[in-house]
Amino acid sequence: MRLYEKTASELSEMLKNKECSALELCDDVLARINETEDKVGAYVTVAAETARENANKVDAAIAAGEKLHPLAGIPIGIKDNISTKGIRTTCSSKMLENYVPPFDATVMNKVNAAQMTVMGKMNMDEFAMGSSTETSYMHLTRNPHNTECVPGGSSGGSAASIAAGEAIVSLGSDTGGSIRQPAALCGVVGLKPTYGSVSRYGLVAFASSLDQIGPLGKSVKDVAMLQSVICGHDRYDATSKNIEYPDYAAGLKENAKGLKIGIPKEYFGEGIDDQVKESVMKAVKELEAQGAAVCEISLPSTEYAINTYYIIASAEASSNLARFDGVKYGFRAKDYDGLTDMYEKTRSEGFGDEVKRRIMLGTFVLSSGYFDAYYKKAKKIQKKISQEFSSAFEKCDVIATPTVPASAFKIGENIGDPIKMYYNDVCTVTVNIAGLPAISLPCGKDSSGMPMGLQLIGNKFSEQTLLNTAYTYEKLCGGFDVLAKSL
């Protein structure tokens with residue numbers, strides 16, 4: 001077995017016991033990238049030189065007997081909308097194709113303090129707008145389990161890299177399901193933390209009230225370890241919550257007794273593939289057999305969630321992306337006549353179709369005469385969805401749903417139909433609307449051998465309960481078979 005096949009927690013013990021070196025681990029992952037990247041396309045930028053430099057520093061610290069963080073020397077991939085000082089950060093857009101940030105995001109300060117080995121930046125849907133990583137200006141990312149299929153999005157590169165063995169863990173961002181959806185389609189574990197638990201400082205904003213950085217990995221423990229690194233209050237982020245955060249990995253417990261699981265009927269209706277429903281309910285029954293209590297609940301406003309999400313997200317995107325105008329940094333059109341023409345040509349040439357579609361939609365719903373009819377109503381529904389979740393959590397500890405309606409679709413199959421693409425987020429957007437934590441776990445494969453995902457949703461700041469439930473299910477499965485066999 002090669003080193004890239006192991007989990008972060010296994011590799012942490014191996015490094016501690018000097019069974020391998022950080023440089024050997026780094027080189028093994030770099031070799032894997034060289035073997036598979038032309039088939040997968042998970043990376044926008046591979047930072048091989050700086051990765052090896054960090055690995056050498058970790059090995060020197062181990063040799064000197066220094067006490068290191070458990071994740072020191074563990075290779076990590078970073079979604080390309082997270083600012084990395086000295087490493088290109090493109091958001092997979094022509095607009096930022098050559099942008100190299102002069103500062104690190106807060107999560108990167110934490111990753112670097114833990115001395116993790118940053119392998120590079122991961123491909124994504126342009127400015128995180130998409131559900132398949134097909135809107136990337138850079139290149140396609142393919143699902144390692146079947147390279148004719150999409151990996152999901154927008155954190156498609158982050159999820160695909162783990163399934164391909166091109167990173168041990170990774171960071172993604174989740175605005176409406178962008179960690180959980182690709183985690184489900186690529187058969188890995190992905191956590192969307194509670195809004196405000198992880199700093200957004202240095203995350204290129206899509207929709208500021210919905211965006212949240214989170215971890216992906218091969219196992220629940222890997223995700224718990226990385227979440228413990230990145231969470232915490234940050235004075236540079238006004239939405240950051242100043243509370244005590246536990247060591248999630250140390251608190252992991254395998255026990256379903258007394259756990260109350262809610263099953264919302266709205267998430268199992270028309271449009272959800274029968275194989276997905278069966279797989280999710282099989283997982284719930286396995287937890288029930290271990291002592292969990294299962295009850296049906298209702299979240300009636302779910303039917304309005306997609307419309308609500310795309311109105312709010314597009315409105316905020318319209319505002320956030322106004323900064324990309326060709327004046328301060330990034331792409332600028334070459335031929336223009338005056339300032340207004342430069343703005344128009346820069347934004348027309350620099351943004352892709354999906355980004356322009358959402359900017360236009362957002363500008364429309366915020367415009368005079370339509371604000372009350374669309375945006376104001378969406379904000380009212382957002383409050384109602386939050387209230388329904390609060391009521392549901394009076395009856396249960398976690399809520400179990402499918403992560404996505406079906407397994408990965410073929411590349412090019414849905415890209416021409418925005419409505420069909422948006423429906424991929426039907427099971428995930430409510431979590432962001434309500435600011436809740438949720439985790440996606442592999443829960444089997446469909447008849448074509450493609451992964452399916454179980455989503456567990458928790459109340460605000462209940463990550464430990466979510467991770468414990470996920471950990472219990474993982475143990476019942478005997479671990480998750482994450483790595484793609486087809487590469």
Measure from the side-chain N and O atoms of Gln212 to the backbone N and O of Gly196, and report whether any donor-acceptor pair falls under 3.5 Å. yes

With no hydrogens and no angle check, just 3.5 Å: does a side-chain donor-acceptor pair link Ser240 and Asp234? no

When Thr89, Leu203, Val111, Asp104 are each screened for side chain to side chain contact (heavy atoms under 4.5 Å, CB included) with Ile82, the one that passes is Leu203

Flag, side chain of His139 to backbone of Tyr43, donor-acceptor distance under 3.5 Å: yes

Classify the side-chain pair Glu316/Ser209 by whether it contains a donor and acceptor separated by less than 3.5 Å. yes

Considering non-hydrogen atoms only, spot the tightest contact between Ala164 and Leu487 and give its length. CB-CD1, 3.6 Å

Using a strict 4.0 Å threshold on nitrogen-to-oxygen distance, state whether Arg52 and Asp27 make a salt bridge. yes

Kindly say whether Glu19 contributes a backbone atom to a donor-acceptor pair with the side chain of Asn17 at under 3.5 angstrom? no

Quick check: does any side chain N or O of Asp59 sit under 3.5 Å from a backbone N or O of Leu23, one acting as donor and the other as acceptor? yes

Taking 4.0 angstrom as the limit, do Lys192 and Asp174 come out as a salt bridge? no

Can a donor-acceptor pair be found between the side chains of Lys79 and Ser155 at a distance below 3.5 Å? yes

Is the backbone of Tyr310 close enough, under 3.5 Å, to the side chain of Ser314 for a donor and an acceptor to pair up by distance? yes

Can you tell me if Ser386 uses its side chain to pair, donor with acceptor, with the backbone of Gln382 under 3.5 Å? yes

When you check the side-chain N and O atoms of Thr106 and Asn109, is any donor under 3.5 Å from an acceptor? no

If only atom types and distance count, is the side chain of Asp125 paired as donor or acceptor with the main-chain N or O of Thr133 below 3.5 Å? yes

So, the side chain of Thr147 versus the backbone of Asn143: is there a donor-acceptor pair under 3.5 Å, distance only? no

Does the side chain of Thr45 come under 3.5 Å of the side chain of Arg88 through a donor N or O and an acceptor N or O? yes

Can you tell me how far OG of Ser131 sits from CG of Asp425, rounded to the nearest 0.5 angstrom? 3.5 Å

Okay, side chain of Gln181, backbone of Val404: is any donor-acceptor separation there less than 3.5 Å? no

Which atom pairs, one a donor and one an acceptor, fall under 3.5 Å between side chains of residues 241-253 and the rest of the protein, sequence neighbours left out?
from: Tyr245; atom 1: OH; to: Lys241; atom 2: O; distance (Å): 2.9
from: Asp247; atom 1: OD1; to: Ala249; atom 2: N; distance (Å): 3.2
from: Asp247; atom 1: OD1; to: Ala250; atom 2: N; distance (Å): 3.1

Ion pair check, Arg32 and Glu35, cut-off under 4.0 Å: yes

dist Gln464:CD -> Leu466:CG (nearest 0.5 Å) comes out at 10.0 Å

Backbone of Thr175 reached by a side-chain donor or acceptor of Asn432 within 3.5 Å: yes

With sequence neighbours excluded, residues passing side chain to side chain contact (heavy atoms under 4.5 Å, CB included) with Arg357: Glu354, Pro418, Tyr422

Distance only, no hydrogens: is a donor on one side chain within 3.5 Å (strictly under) of an acceptor on the other, for Asp211 and Ser173? no

Tell me, do Met129 and Ser154 make a side-chain contact under 4.5 Å, heavy atoms counted? no

Met119/Ile78 under side chain to side chain contact (heavy atoms under 4.5 Å, CB included): CA gap, chis, key distance, verdict: CA-CA 8 Å; Met119 304 305 296; Ile78 309 295; over 6 Å; no

Contact list for residues 94-129, test ring pair (Phe, Tyr, Trp, His ring centres under 6.0 Å), sequence neighbours left out: Tyr99-Tyr329, Phe103-Tyr201, Phe127-Phe324, Phe127-Phe351

Answer yes if the side chains of Glu126 and Ser92 hold a donor-acceptor pair under 3.5 Å, and no otherwise. no

Go through the side-chain N and O atoms of Lys121 and Thr84 and say whether any donor and acceptor fall under 3.5 Å apart. yes

Could you tell me whether Arg2 and Asp28 have a side-chain N and a carboxylate O separated by less than 4.0 Å? yes

Please report the C-alpha distance between Arg142 and Val40 in whole Å, then the side-chain angles of each, then the deciding distance to 0.1 Å, and finally whether the side chain to side chain contact (heavy atoms under 4.5 Å, CB included) criterion is met. CA-CA 5 Å; Arg142 299 174 181 274; Val40 177; 5.5 Å; no

